[in-house]
Amino acid sequence: MPRSEPIKAVRGVRDLLPRDRPLWRAAELAAEDVARRFGYEEIVTPLIEHAELIERVGEDTDAVAKELYRFEDRGGRKLALRPEATAGVVRAYFEGHLNQEPQPARLYLIGPMFRYNRPQKGRYRQFFQLDVEAIGSASPALDAEVIEIAVTWLHDLGLGEVRMDLNTIGDAKCRPAYLELLRAYYRPLRDKLHGDCQRRLETNPLLLLDCKVPQCQPFKADAPRITDHLCEECAAAWAAVRRLLDAAGIEYHLDPYLVRGLDYYTRTVFEIYPAQTGGSQDALAGGGRYDGLAEAEGWPATPGVGFASGLDRVTEMVKAVGVEIIAAPAAEVLVLPDAELEIAAAEVAHICRAVRSVAVDYEAKSLKAKMRSANKLGARWVVLLNAEDAQQRTVQLKEMASGDQVAVPWDDLPARLA
RNA sequence: GUGGCUAUAGCUCAGCACGGUAGAGCACCAGAUUGUGGAUCUGGCUGUCGCGGGUUCAAAUCCCGCUAGCCACCCCA
């Protein structure tokens with residue numbers, strides 16, 4: 001009989017198994033707790049959006065240009081699996097009329113995102129993000145606020161050893177003139193840049209600063225800096241953000257080469273990395289201000305700021321740092337009946353469930369084997385049930401830690417287990 | 001998307017340079033223990049050697065393709 005190949009998980013996605021959940025649950029609870037402490041409310045948006053929503057907002061980014069999961073539904077609609085949360089959250093902000101409520105709307109979301117890129121550790125095609133957005137205010141205090149949320153969340157999880165890179169990229173008013181300065185500086189050096197950068201020079205010169213190719217590095221140091229060419233408003237906001245972070249005691253590292261490739265990003269940008277390694281796959285969080293995004297989606301111009309953080313990487317780092325998450329046993333009480341006593345066992349379990357979590361071992365194996373299982377499962381008590389006991393409506397109740405065992409009438413079990 | 005490494009029992013891996021009967025530890029099951037877990041000892045079960053093709057009398061082993069995982073790059077989370 002030829003066996004067919006078992007069907008395995010799709011490339012780049014993974015299961016979170018029961019043994020993984022306590023750690024993930026801890027991360028999620030910490031996120032929800034921090035968000036609530038800052039007055040942020042949960043929002044849930046669809047995993048699918050019109051492809052146009054995503055594409056309008058990020059044509060030039062890898063996340064959209066090469067990594068977008070696009071498909072047509074049965075009605076011929078062009079849809080996409082969301083590669084990040086912000087576009088959808090901003091859409092929902094308007095569609096749900098949150099723009100008519102007191103501003104800003106403070107929102108958070110936890111859920112899966114999808115990017116079709118080459119998987120490796122810490123980078124998956126389906127991954128989970130915590131997304132925090134403050135929409136409807138241009139105040140730099142909110143830039144500082146979302147940064148504080150990100151840092152607090154990581155800190156609460158035991159990840160105090162992080163480095164935050166911070167920069168500003170100006171806005172529609174001052175950036176065009178700066179980009180011209182940047183082009184003017186780089187044009188004579190064009191031949192010395194690598195291919196992508198030669199192209200970026202005209203299309204998106206800001207990305208030259210972000211380039212990591214060795215041959216492009218020598219020219220960065222003398223390149224004009226946006227921070228020297230900010231308009232009055234951007235300069236004031238930049239100063240305010242830093243002042244607020246200083247006041248909150250949040251450390252940051254100024255990185256003039258930290259940029260975003262999209263026009264709707266404005267002013268503040270930041271990324272958070274583990275303090276130790278400077279690796280490339282380990283960005284824990286990233287965010288910034290996007291005052292041009294709502295307009296790019298076709299809504300009224302509305303400022304916003306936020307960040308996204310990857311649960312997959314954060315939980316991985318919590319594990320690496322050695323923070324112990326103790327998993328509670330699935331069942332505190334395990335009922336071990338002899339053969340043919342399923343009905344009595346179910347009734348005993350039912351009685352115990354009034355006060356404890358209870359499972360029954362129905363497997364046809366030796367008592368010794370069942371005891372071994374109970375021990376492995378971490379049960380606090382086992383309830384032994386044989387035919388004679390069942391007749392008398394009693395059981396042997398054994399406490400695993402001490403080994404003490406006593407006969408107990410069924411009706412007394414809740415009191416004994418309480 | 002580019003380059004590299006890897007794939008053998010449920011798990012971790014050895015075996016492969018030089019082709020010739022598929023191995024260990026752990027886990028699981030059973031016994032020592034006259035129905036009672038954890039420690040120890042003894043025994044036992046489990047394999048289309050990732051998939052497909054090629055070379056050969058003979059392929060886990062050599063060659064090609066594919067798939068998947070990992071690493072670096074790219075990008076970001």
Side-chain angles (χ1 to χ4, degrees), chain A residues 1-14 58 60-68 82-86 110-132 150 154 165 194-197 207 210-214 258-262 269-274 279-288 307-317 334 336-339 361 363-389 396-405:
Chain A
M1 194 69 183
R3 250 172 33 213
S4 64
E5 270 297 291
I7 300 167
K8 305 245 214 61
V10 168
R11 182 169 202 201
V13 308
R14 56 182 187 156
D60 287 348
T61 58
D62 281 7
V64 170
K66 337 189 290 207
E67 299 174 0
L68 191 65
R82 63 184 185 192
E84 48 94 31
T86 310
I110 296 174
M113 307 295 158
F114 303 85
R115 291 184 200 174
Y116 189 89
N117 53 20
R118 192 139 157 183
Q120 59 181 274
K121 200 182 195 69
R123 190 173 71 182
Y124 305 96
R125 289 182 172 179
Q126 173 179 287
F127 58 103
F128 291 79
Q129 284 189 335
L130 163 65
D131 187 72
V132 173
L154 296 175
D165 295 339
H194 89 286
D196 279 352
C197 279
L207 292 179
D210 187 45
C211 180
K212 279 129 196 150
V213 175
L258 178 60
V259 300
R260 289 283 126 95
L262 297 172
V269 292
F270 68 95
E271 286 175 5
I272 299 176
Y273 290 89
S280 46
Q281 247 81 256
D282 51 7
L284 295 170
F307 75 88
S309 183
L311 276 288
D312 301 83
R313 290 179 186 178
V314 168
T315 51
E316 193 62 40
M317 192 180 164
L334 217 51
L336 311 184
D338 275 6
D361 190 338
E363 301 313 304
K365 50 185 183 180
S366 70
L367 180 59
K368 185 188 185 74
K370 288 182 189 180
M371 284 298 294
R372 227 193 318 260
S373 301
N375 185 54
K376 287 223 168 90
L377 291 170
R380 209 166 137 192
W381 294 276
V382 293
V383 170
L384 303 169
L385 185 62
N386 62 26
E388 195 183 332
D389 285 334
Q396 296 295 319
L397 175 65
K398 176 164 181 159
E399 187 184 16
M400 292 300 271
S402 62
D404 296 342
Q405 183 173 320

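Convention: sequence-line order gives letters A, B, ...; per-chain numbering from 1.
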For the atom pair CE (M371(A)) and CG (D361(A)), what is the distance rounded to the nearest 0.5 Å? 11.0 Å

When you check the glycosidic angle of A32(B), does it come out syn, meaning within 90° of 0, or anti? anti

For the side chain of Q405(A) and the base of U36(B), is some donor closer than 3.5 Å to an acceptor across the two? yes

For F114(A) and C75(B), give me the distance from atom CZ to atom C1', rounded to whole Å. 19 Å

Whole-Å distance between A39(B) C1' and R372(A) CZ? 12 Å

note: L68(A), atom CG; A77(B), atom C1'; distance rounded to Å ~ 16 Å

Closest to the 5' end of RNA chain B, once I272(A) and K365(A) are matched to their nearest nucleotides, is K365(A)

Presence of Q120(A) side-chain N/O under 4.0 Å of G69(B) phosphate oxygens OP1/OP2: no

For the side chain of Y116(A), starting at C-beta, report the closest nucleotide among G1(B), A77(B), C29(B). G1(B)

I want to confirm an ordering. Mapping V382(A) and S373(A) to their closest nucleotides on RNA chain B, which one lands closer to the 5' end? S373(A)

Contact class for G287(A) (heavy atom, under 4.0 Å): base, sugar-phosphate, or nothing? nothing

Applying a 4.0 Å non-hydrogen cut-off, can you work out what A374(A) is touching in the nucleic acid: base, sugar-phosphate, or nothing? nothing

Counting any heavy atom closer than 4.0 Å, what does D131(A) reach on the DNA or RNA strands: base, sugar-phosphate only, or nothing? nothing

Provide the distance between the two P atoms, one in A9(B) and one in U46(B), to the nearest whole Å. 14 Å

What residues, two or more places apart in sequence or in another chain, satisfy side chain to side chain contact (heavy atoms under 4.5 Å, CB included) together with R14(A)? W24(A), Y124(A), D312(A)

Across the strands shown, which category fits D312(A) at heavy-atom distances under 4.0 angstrom: base, sugar-phosphate, nothing? nothing

If the condition is side chain to side chain contact (heavy atoms under 4.5 Å, CB included), which residues does L377(A) pass it with, not counting sequence neighbours? L334(A)

Residues in salt bridge (Lys or Arg N to Asp or Glu O under 4.0 Å) contact with E84(A), at least two apart in sequence or another chain: none

So what does F128(A) touch, heavy atoms closer than 4.0 Å: a base, only the sugar-phosphate, or nothing? nothing

Under 4.0 angstrom, heavy atoms only, what part of the nucleic acid is A369(A) near: base, sugar-phosphate, or nothing? sugar-phosphate

Is there a donor N/O on one and an acceptor N/O on the other, under 3.5 Å, for the side chain of R118(A) and the base of G3(B)? yes

On the side chain of R123(A), is there an atom forming a donor-acceptor pair with the base of A77(B) - under 3.5 Å, no angle test? no

Excluding sequence neighbours, so at least two apart, what forms side chain to side chain donor-acceptor pair (under 3.5 Å) with D210(A)? K212(A)

NZ of K365(A) to OG of S373(A), rounded to nearest 0.5 Å, is 3.0 Å

Base contacts versus sugar-phosphate-only contacts with protein, heavy atoms under 4.0 Å: please encode nucleotides 6-11 of chain B as B, S and - from 5' to 3'. ------

Taking the P atom in each of G10(B) and C18(B), what is the distance between them to the nearest angstrom? 31 Å

Residues in salt bridge (Lys or Arg N to Asp or Glu O under 4.0 Å) contact with R125(A), at least two apart in sequence or another chain: none

Among U36(B), A77(B), G37(B), the one nearest L367(A) by side-chain distance: U36(B)

Just checking L336(A): base, sugar-phosphate only, or nothing, at a heavy-atom cut-off of under 4.0 Å? nothing

Is there a side-chain contact between S366(A) and the phosphate of A30(B), meaning an N or O under 4.0 Å from OP1 or OP2? yes

Whole-Å gap separating P (C70(B)) and CG (N117(A)): 12 Å

Mind checking who C62(B) pairs with, Watson-Crick or G-U wobble, both distances under 3.5 Å? G54(B)

Less than 3.5 Å between a donor and an acceptor, one on the side chain of K398(A) and one on the base of U36(B), is that the case here? yes

Please report the distance separating the C1' of U34(B) from the corresponding atom of G23(B), rounded so that it comes out in whole Å. 38 Å

Give me the distance, rounded to whole Å, that separates U6(B) from G50(B) when you measure between the P atoms they each carry. 13 Å

Using the P atom in both, what is the distance from A24(B) to G15(B), to the nearest Å? 15 Å

If I take atom CD in residue E363(A) and atom P in nucleotide A30(B), what distance separates them, rounded to the nearest angstrom? 12 Å

Using purine N1 to pyrimidine N3 plus N6-O4 or O6-N4 for Watson-Crick, or N1-O2 and O6-N3 for G-U wobble, both under 3.5 Å, which nucleotide pairs with A72(B)? U2(B)

Whether R11(A) contacts A68(B) is assessed here as follows: a side-chain N or O lying under 4.0 Å from the phosphate OP1 or OP2. Is that the case? yes

Could you work out which one of A77(B), G69(B), G37(B) sits closest to the side chain of F127(A)? A77(B)

